[in-house]
Each structure stands twice: as structure tokens, then as C-alpha cells.
Amino acid sequence: MSEIRAVISGVGACLPDRVMTNAEISAFVDTSDEWIVERTGIRQRHIATETEYTSHLGERAAREALDNAGLSPNDIDLIVVATTTPDYTFPATATIIQNRLGVYHGAAFDIQAVCSGFIYALKVVKNMVITGASKRALVIGAETFSRILDWEDRTTCILFGDGAGAMVLSGKADTDQGILSSFIRSDGRHKDLLHVDGGPSTTGTVGHVRMIGNQVFRYAVKDIARAMELCAKRAGLSIADIDWFVPHQANQRILDGVARKLKIRTQQVVSTVAEHANTSAASVPLAFYTAVKDGRIRKGDLVMMEAFGGGFTWGASLVRY
Ligand code: UT7
């Protein structure tokens, strides 16, 4: 019997209409457009309205991914949502989306690995698809990170935005497309460098993002570069073979640092950080979607996705689109 592969058969995205510029943030915290652009590359971010929840953004991205794949919701037997900002402590945002899509079979659950959540979800879902546990799955990265920001802390509130991205992963035989290799890692020793200072079991509150950014930065460049090299190696390939790099969009300087380290041309790196800022688990599928829609990433291209985030968690996923 020929090997089953987990192929990306549809992509979708959703950004809230409301755009917040650097100039707007500069009006309520001590920062400036110049500082934010120079240190991060971010020019604006999208912010969800009070009645726009993570599930709404995720659902819209999911519906577009289904359309793009030529499928209807009932063709899906698994929904996995990567998020750190779920609608509720429970139930999982994935089951809320499952219900809104009118899917009453299969399974739905959330994955929590902060900014690396989508890369983690791809690995889990890929394994379910290639073993036949799922035939067609929706993988969604969706966040309303604006809800957990301390809007008086200039070191964090400038960095993040809201949004969602989705992919349909379909099991297919006799193809060279699909996820070729994936790599995930975590290291809990660095919690204090990047965390949220609240939660159901500790403070009983949602809490706010706290980060010692310059220290996170150093780990991110080193660990991302290593993850991508290992991911390529596991597929019997090298960094030089890859057409496109779709990184987590935390900071343009991180993207540039990793590209320099691995001798990747800047034209090969998909960057949406200027327009979207850091949308945590949504950033990789949003960037992937952007490059598919503008015609850069085409069927058959070799694409490396990567992410780094709280935990620390990090990882990479290599796919032939
Ligand atoms: O997605 C999860 C992973 N997250 C990341 O990977 C984020 C990684 N870190 C970063 O992107 C960067 O470290 C930041 C953008 C957060 C900060 O940039 P930096 O170049 O590392 O600056 P810094 O933290 O070393 O701070 C330099 C100065 C400080 O002032 P002093 O102490 O030198 O007087 C900060 O207080 O910049 C100051 N500063 C600001 N100034 C104006 C920090 N935030 C701001 C701000 N506006 N928003």
C-alpha cells in the first residue's frame, strides 16, 4: 500500500477590520512610530472588537480554507485550534467552531503552545492524518492577543495583534506533496522570560503578557535556525533546497538574523510583520496564506515554516505545497 501524506489542500485567513497604527499607540504609551519600526519592523496591527472572539476569527479563516479546498464542513473529521486566547477556559475553542460549522461527528480540541501552537498542531494533525485516524482535518491558529496585553506596558503592547489563519490537511496517497518533516521542542526553564501573570488555577484572572524581550530574542534566533536545519535534515534535504521560508512574525530583526545565520536570501522570507505584528499562533498560517494569495508560494514549492514562543516552545515544519 502506498504511503499516505498530509497535504495542505486549502488555506484561509481572517483579520479584524480595525487597524491600530503605531501613531495611535504612541498617543497612550511613551513610544514612537520610529522606535517601533526600527526595533521591530511593525507598522500596524489588527485588533478585534469587544464582540469579536477568537472563535469568530477562527471560524471565518476555517470557512475560507474549506472553500479553497473545495470541501464542505461535513467533509472534515478533525478540528484542531492552536490558541492562547480561547473564548473560555472551557470548552475548547475548537468545539465552539465545530458547532458553528455544523459538524456533529469527529473530534475537536485546542493546542496550547503559545506562538509555536500552529507548528505543534501541524505535527499532531499530520500524525493523525498519515495513520488514518483523520481523513481531512482543519488546523486553525486563532488569537485575540490584544485581550491579554497590558496596554500601559510599552515593552509588550506594541508587539502583538489579532487574527486567524487556517489550513485543511487532507490524507492523500501517491503524491510528493504534503508535510515532509516536522520538529517540535520545548524547555520550561525560561518561563520567567515570557509568560502571562495569571490563570484559572493561580490568580483566577486571565493575566497579562510579561516578557524580557531582549533575552527572548537571543534564544529565538539560535533555536529557530537549529530547528529549521534539523527539520530539513530529517527530510533528507538542506536549507539550500527550500523555496520559501514562512517564519513566525515576532520581529523583523529576528527574521533577518535567522536568514543571515542560514544564508537565506531575504526575498525568500515571507514577512507580514509590518502589517499584522505578532499574532502568536495565527502568524504562520496568516503569512503562508498571504504568500499563496499573492502568487509567491505555488503548488509544488518547498516551504519551511517555523515558530518560537512562550514555554519556551519552538519548532519547524517542512512541506511540499
Ligand atoms: O512571539 C514570542 C517571541 N517574542 C519575541 O521573539 C520577541 C523578542 N524580542 C524583541 O522583539 C525585542 O527584544 C523587543 C522589540 C521586545 C525590544 O527590542 P530591543 O532592541 O531588544 O530593546 P530592549 O528591550 O533592549 O530595550 C532598549 C531600550 C530600553 O531603554 P533603556 O533601558 O535602554 O533606557 C527600553 O526601555 O528601549 C526601551 N523600550 C522602548 N522605547 C520606546 C522598550 N520598549 C520601548 C518602546 N518604545 N515601545
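Just so you know, these numbers come straight off a predicted model, no measurement behind them. Atoms within a ligand are numbered from 1 in the order they appear, just like the ligands themselves.
Contact annotation: for Ile36 versus ligand 1, there are no heavy atoms closer than 4.0 Å. Using a 4.0 Å cut-off between heavy atoms, Thr40 contacts ligand 1 through its side chain alone, with no backbone atom that close.
At the top of the distance list for atom 19 (P) of ligand 1, counting protein heavy atoms only, stands Arg39 NH1, 3.7 Å. Protein heavy atom at the shortest distance from atom 21 (O) of ligand 1 is Asn214 CB, 3.4 Å. Atom 8 (C) of ligand 1 has its closest protein heavy atom at Gly213 O, 3.6 Å. Nearest protein neighbour of atom 1 (O) of ligand 1, counting heavy atoms only, is Asn278 ND2, 2.7 Å. Of the protein's heavy atoms, Trp35 CH2, 4.0 Å lies nearest to atom 17 (C) of ligand 1. Considering only non-hydrogen protein atoms, atom 36 (O) of ligand 1 sits nearest to Arg154 NH2, 3.1 Å. Counting protein heavy atoms only, atom 14 (C) of ligand 1 is closest to Asn251 ND2, 4.4 Å.
Atom CZ of Phe308 and atom CZ of Arg185 lie 10.5 Å apart (nearest 0.5 Å).
The aromatic ring centroids of His190 and Tyr219 lie less than 6.0 Å from each other.
For ligand 1, the atoms sitting less than 4.0 Å from at least one non-hydrogen atom of Thr31 are 42 (C), 46 (C), 47 (N), 48 (N), numbered in the order shown with element in parentheses. Residue contact check: Ala250 has heavy atoms under 4.0 Å from atoms 1 (O), 5 (C), 6 (O) of ligand 1.
At least one heavy atom of His248 sits less than 4.0 Å from an atom of ligand 1.
Within a 6.0 Å radius of CD in Glu50, no more than 12 heavy atoms belonging to other residues, nucleotides or ligands are found.
Shown here, atom 33 (O) of ligand 1 is out of close reach of the protein: none of its heavy atoms lies under 4.0 Å off.
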For a quick test of your reading: what N or O donor-acceptor pairs under 3.5 Å do the side chains of residues 292-306 make, sequence neighbours left out?
| unit_1 | atom_1 | unit_2 | atom_2 | d |
| --- | --- | --- | --- | --- |
| Asp294 | OD1 | Arg296 | N | 3.1 |
| Asp294 | OD1 | Arg296 | NE | 3.2 |
| Asp294 | OD2 | Arg296 | NE | 3.1 |
| Asp294 | OD2 | Arg296 | NH2 | 2.8 |
| Arg298 | NE | Gly295 | O | 3.3 |
| Asp301 | OD2 | Trp244 | NE1 | 3.1 |
| Asp301 | OD2 | Arg298 | N | 2.9 |

